[in-house]
Amino acid sequence: MILNDYSLHTRAERGMVKPYNPNHLQGCSIDLTLGPYIQIETGSDEEKAFRALDLNERGPYQMAPGEFLLAHTSETIAIPDDCCGDLVLRSSAARAGFDHCLSGLIDPCFEGELTLELRNNLRNHTLDVYPGMRICQLVVHKLNYQSYSPYAERGHYQHQTGARLSNYNFKNLAA
């Protein structure tokens, strides 16, 4: 079951979304905004080669056609143990040319800022990326029971802040 606006509002006011802006509430989702830190793929041959930027210091970043970067929500999310979440791109952001690369499942008991994997799908135009832009939505699903194995006990990104690089072991794909 997907939580409606009343349930989302109630849970957000109790700390599920901080800071919570009631003006970002939709019928079955809450709009989230981008935080100031991004990680830009450098094109280097080094493994996981990214360059960090603070958008508060430099202003908006113009994302080139086809470019990939990591961003984060300015909100901290605390998913209850009886729910899971989906982080999805707002349709207006998708229509502008943004793509969120499908890693939006949020496990029960996750707490932290959410990392977004963004790509510019446009072939000929840049896209501006700036703090505070409403780019994604949090959709929350009620579980039939509390999680037996919550993220807080085994998650790799619990309490993360900023645009967090992957800690995936690319050399050991069987792990």
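Scope of the values below: all heavy atoms of this structure, side chains included, with no hydrogens, waters or symmetry mates. Counting from 1, the numbers follow the sequence of the chain as shown.
For the residue pair Leu55 and Tyr61, the shortest heavy atom distance occurs at CD2-CB, 3.7 Å. Heavy atoms only, all atoms of each residue included: Ala12 and Ile30 are closest at CB-CD1, 4.0 Å. Of all non-hydrogen atoms in His100 and Thr115, the two that sit nearest each other are NE2-O, 4.3 Å. Across Asn56 and Pro131, no two heavy atoms sit closer than the pair OD1-CG, 3.8 Å. Contact between Glu113 and Phe110 at its shortest, heavy atoms only, is O-CZ, 3.7 Å.
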Practice task
Test side-chain contact (heavy atoms from CB on, under 4.5 Å) on Cys109 and Ile79 and set out the steps.
Solution key: CA-CA 5 Å; Cys109 296; Ile79 299 295; over 6 Å; no

Apply the test side-chain contact (heavy atoms from CB on, under 4.5 Å) to residues Arg90 and Ser29: give CA-CA distance (whole Å), side-chain angles for both, the deciding distance (0.1 Å), then the verdict. CA-CA 10 Å; Arg90 291 183 69 220; Ser29 65; over 6 Å; no

TODO: Using the side-chain contact (heavy atoms from CB on, under 4.5 Å) rule, take Leu138 and Ile106 through it: C-alpha gap first, then chi angles, then the decisive distance, then the call.
DONE: CA-CA 9 Å; Leu138 174 66; Ile106 310 162; 3.6 Å; yes

Q. Given the rule in the side-chain contact (heavy atoms from CB on, under 4.5 Å) test, do Tyr20 and Glu13 qualify, once you have shown the distances and angles that lead to the verdict?
A. CA-CA 7 Å; Tyr20 169 56; Glu13 284 206 322; 3.8 Å; yes

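Linking Ile, Leu, Val, Met, Phe, Trp and Tyr whenever their side-chain heavy atoms come within less than 4.5 Å leaves Val88 and Met133 in two separate clusters. There is no path of hydrophobic side-chain contacts, each under 4.5 Å, that joins Ile77 to Val139. Under the 4.5 Å side-chain heavy-atom criterion for ILVMFWY residues, no single connected hydrophobic cluster contains both Tyr37 and Leu53. Hydrophobic clustering places Ile38 together with Leu122 (ILVMFWY residues linked when any side-chain heavy atoms are closer than 4.5 Å, directly or through intermediates).
In this structure, the side chains of Thr33 and Glu75 come closer than 4.5 Å at one or more pairs of heavy atoms. His72 is listed as a side-chain neighbour of Pro36, based on a closest heavy-atom distance under 4.5 Å. Two residues are said to be in side-chain contact when any heavy atoms from C-beta on lie closer than 4.5 Å; Leu143 and His141 fail this criterion. When side chains are defined from C-beta on, Gln39 does not count as touching Phe68, because their heavy atoms never get closer than 4.5 Å. Taking 4.5 Å as the limit, some side-chain heavy atom of Pro80 sits within range of a side-chain heavy atom of Met16. Using a 4.5 Å heavy-atom threshold, the side chains of Phe98 and Asn120 count as separate. In this structure, the side chains of Leu3 and Lys142 come closer than 4.5 Å at one or more pairs of heavy atoms. Side chains of Gln26 and Gln137 form a contact here, defined as non-hydrogen atoms less than 4.5 Å apart.
Considering Ile135, Asn21, Val17, Leu116 in turn, Val17 is the only one that fulfils the side chain to side chain contact (heavy atoms under 4.5 Å, CB included) rule with Leu32.
Between Leu87 atom CG and Thr73 atom OG1 the span is 7.5 Å, to the nearest 0.5 Å. With rounding to the nearest 0.5 angstrom, the CG atom of Asp82 is 10.5 Å from the CG atom of Asn144. A distance of 10.0 Å separates NE2 in His9 from CZ in Arg14, rounded to the nearest 0.5 Å. Atom SG of Cys136 sits about 12.0 Å away from atom CG of Asp86, to the nearest 0.5 Å. Asn121 CG to Glu67 CD: the interatomic distance, rounded to the nearest 0.5 Å, is 12.5 Å. Distance check, rounded to the nearest 0.5 Å: OG of Ser7 to CD1 of Ile2 gives 12.0 Å.
Within the 3.5 Å criterion, the main-chain N or O of Pro60 finds a donor-acceptor partner in the side chain of Arg58.
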